[in-house]
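Right, one structure below, let's go through it.
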Amino acid sequence: MIKQILGRLPRNRPSKSDGDDPIAEPTSIGGMRTAVASGLGGGAPLFNVANNARGVIGAALSGSRLPAGRNPCALPGPIVTTTGGVTAAKRAVSGFSTSTALSTVDEPLPAFRDVLNSERQNLFIKKLDLCCVTFDFIDPAKNVKEKDIKRQTLMELVEFISSGNGKSTEPVMAEISKMVAANLFRSLGASPRDNMVLENLDPEEEEPTMEPAWTHLQIVYEFLLRFIVSAETDAKLAKRYIDHSFVLRLLDLFDSVDPREREYLKTILHRIYGKFMVHRPFIRKAINNIFYHFILETEKHNGIAELLEILGSIINGFAIPLKEEHKLFLVRALIPLHKPKCVPMYHQQLSYCITQFVEKDLKLADTVVRGLLKYWPITNSQKEVLFLGELEEVLEATQAAEFQRCMVPLFRQLGRCLNSSHFQVAERALFLWNNDHILSLVVQNRGVILPLIFSALERNSVSHWHQAVHGLTLNVRKMFLEMDQELFEECQLKFQEEEARAKGVQEKRELTWQRLEFVASAKAISNEAVLVTRAMDNSVNAALSWGT
């Protein structure tokens, strides 16, 4: 009986470290993360970290060897200390101070080449856990050793994921998602552009802002990119972790002030769009929402150019005929992007997207041209020059039928551009006649177009202050004369009649002012206000005629 009672008592099992159980999931150290300090930086992105990681990591860790008798997969320090069957890592889940978290990276984990192949995946997960610890990069002298250990570990992870050592399992993907989120997803600092006049901002002359933590962020981005493009990554399994929430948080980072970060995000999001087909409609819709928020509310966002560059590639792959949702995207999002004052910062990418739509569906040319005219700038000459350049690209892809639908409002606006006192606007408008396709469209419809712009050409040839504009105007005028002399002479006669009529109106206006001055001088002795009525105007006319 005593043996039966003793047999029912629980027995103390020998404690094991995480590395001893090949199927045990490693304990998360997500609770040990310190706050990520957001900083700002600039420079060119580096996409070949994995290509040279072998040499760098080998040089950095060549002197690192395991002490005799140590488990090669065991985490260093208190995270693998066991007491009564409960590891310190499990205690860390309930709460871990910053100082304790930093102790987990006091020394690097063993290199992958120092462990057996069967243990490498466990070591990979442990390294991912270690890299979840984040540091404050505002103070470069703080935690220098720990930062360097983490950086070396990140480079080893890039090397491992690039080598294609077996397919990633679901626990590995969960740890990858956790590590990426811990390092990348953070609140972004305020942009220095918020206090600048955006229409006068030149992105080429502006000094880019640097992200202090870029030495780590860059490698994390490279790791994520290598993971997504890897043939060993199963999209059906990975979509559970690279889900809608992950994509939204990734899109939030496009507002980063660091151009290097936005460049990486652009490449990564494009790869996600290509690999995870189930996410494609959601990604397009999420980008739409960013555009709506930018156009209708803030007019402030750092990543519009990069998002448009992604969309340019996506639009290029749209099947023909275009779906209705794609046409709505053009009308509701892309065309209104011409409205904000900071359009020069992303106009090149926007113009490419617009042109892609016109090339996909020629009937959209009329919609695009009218949309440009709707948002045509009035006082911003820089935007006006950009619009004229984009208009030329659109008209190059426009056929005769669509051109005829929009040519009347189009050339009315071009006539105003020809008479612009800003010589670059007038010059850019006159350059349209150097385009062979546009010139052929003009020739076919000269009977409608020439009367719309003839007065602008005549005024430029007589009174425009800039010599280059004057010379180009004479060339265009001569072109129309040779094109259709009869039409030209008819327009010239009509213009002369309009000028004579306008001169008569001006003389009449001056005579009216003379009459008012006569009445005012007649009542100058008194302090009474002079109210000009139709009856008084008749009396003034009678007085003037009597005086003569």
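Numbers here are sequence positions counted from 1.
- A salt bridge links Lys266 with Glu309: the distance from a Lys NZ or Arg NE/NH1/NH2 to an Asp or Glu carboxylate oxygen falls below 4.0 Å.
- Using modelled atom types, one side-chain atom of His464 and one backbone atom of Ser420 make a donor-acceptor pair closer than 3.5 Å.
- Electrostatic pairing of Lys494 and Glu497 does not count as a salt bridge here, judged by no charged N lying under 4.0 Å from a carboxylate O.
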(request) Give the C-alpha distance, both sets of side-chain angles, the deciding distance and a yes or no for side chain to side chain donor-acceptor pair (under 3.5 Å) between Ser351 and Glu393. (result) CA-CA 8 Å; Ser351 178; Glu393 294 181 3; 2.8 Å; yes
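- With rounding to the nearest 0.5 angstrom, the CZ atom of Phe282 is 13.5 Å from the OH atom of Tyr273.
- The number of heavy-atom neighbours closer than 6.0 Å to CD of Gln506, taken from other residues, nucleotides and ligands shown, is above 12.
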(request) Any chance you could lay out the salt bridge (charged side-chain N to carboxylate O under 4.0 Å, His left out) test for Glu458 and Arg477, step after step, and finish with the verdict? (result) CA-CA 8 Å; Glu458 288 296 299; Arg477 188 175 179 275; 2.4 Å; yes
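- In summary, Asp255 and Lys300 do not engage in a salt bridge, as defined by a charged side-chain N under 4.0 Å from a carboxylate O.
- Within a 6.0 Å sphere centred on CG of Leu296, other residues, nucleotides and ligands contribute more than 12 heavy atoms.
- Judged by distance alone, the side chain of Lys275 and the main-chain N or O of Ser230 form a donor-acceptor pair under 3.5 Å.
- Looking only at distances, a side-chain donor or acceptor of Asn445 sits under 3.5 Å from a matching main-chain atom of Leu441.
- Under 4.0 Å is where a charged nitrogen must lie from a carboxylate oxygen, and between Arg226 and Glu222 at least one such pair does.
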(request) Kindly determine whether Arg262 and Asp258 satisfy salt bridge (charged side-chain N to carboxylate O under 4.0 Å, His left out), including the steps that lead there. (result) CA-CA 7 Å; Arg262 299 197 303 268; Asp258 193 330; over 6 Å; no
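- Within a 6.0 Å radius of CZ in Arg271, other residues, nucleotides and ligands contribute 12 heavy atoms or fewer.
- With contacts defined as side-chain heavy-atom distances shorter than 4.5 Å, the pair His338/Leu372 qualifies.
- Heavy atoms from other residues, nucleotides or ligands lying under 6.0 Å from CH2 of Trp465 number more than 12.
- Between the side chain of Thr512 and the main chain of Lys508, a donor-acceptor pair closer than 3.5 Å is present.
- Considering only residues two or more places apart in sequence or on other chains, Glu392 meets the salt bridge (Lys or Arg N to Asp or Glu O under 4.0 Å) condition with Arg428.
- Put simply, the side chain of Arg446 gets close to the backbone of Val443: a donor and an acceptor are under 3.5 Å apart.
- Around the CD atom of Glu396, the shell of radius 6.0 Å holds more than 12 heavy atoms that belong to other residues, nucleotides or ligands.
- Using a 4.5 Å heavy-atom threshold, the side chains of Leu439 and Met479 count as touching.
- For the atom pair CD1 (Ile314) and CZ (Arg280), the distance works out to 8.5 Å, reported to the nearest 0.5 Å.
- Closest of all the heavy-atom pairs between Leu269 and Ile310 is CD2-CD1, 3.7 Å.
- The pair Lys383-Glu390 does not count as a salt bridge, with every side-chain nitrogen at least 4.0 angstrom from each carboxylate oxygen.
- A salt bridge is defined here as a Lys NZ or Arg NE, NH1 or NH2 lying under 4.0 Å from an Asp or Glu carboxylate O, and Glu170 with Arg240 meets this definition.
- For Gln485, the CD atom is loosely surrounded, since the number of other residues' heavy atoms within 6.0 Å does not exceed 12.
- Ala235 and Phe276 get closest at one heavy-atom pair: O-CE2, 3.5 Å.
- Aromatic pair His466/Phe423: centroids less than 6.0 angstrom apart.
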(request) Take Trp433 and Leu472 through the side chain to side chain contact (heavy atoms under 4.5 Å, CB included) test and state the conclusion after the steps. (result) CA-CA 10 Å; Trp433 274 265; Leu472 288 170; over 6 Å; no
(request) Tell me, with the steps shown, if Ile287 and Tyr292 meet side chain to side chain contact (heavy atoms under 4.5 Å, CB included). (result) CA-CA 9 Å; Ile287 295 177; Tyr292 296 152; over 6 Å; no
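- A donor-acceptor pair under 3.5 Å is formed between the side chain of Asn419 and the backbone N or O of Ala456.
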(message) Test side chain to side chain contact (heavy atoms under 4.5 Å, CB included) on Phe411 and Leu418; report intermediate values, then the result.
(response) CA-CA 10 Å; Phe411 278 89; Leu418 292 175; over 6 Å; no
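- A salt bridge is defined here as a Lys NZ or Arg NE, NH1 or NH2 lying under 4.0 Å from an Asp or Glu carboxylate O, and Arg186 with Glu261 meets this definition.
- Side chains of Leu487 and Phe480 form no contact here, defined as non-hydrogen atoms less than 4.5 Å apart.
- Heavy atoms from other residues, nucleotides or ligands lying under 6.0 Å from CZ of Arg370 number more than 12.
- Rounded to the nearest 0.5 Å, atoms CG (Leu307) and CD (Gln349) are 10.5 Å apart.
- Under a 4.0 Å N-O distance rule, the pair Lys178/Glu175 qualifies as a salt bridge.
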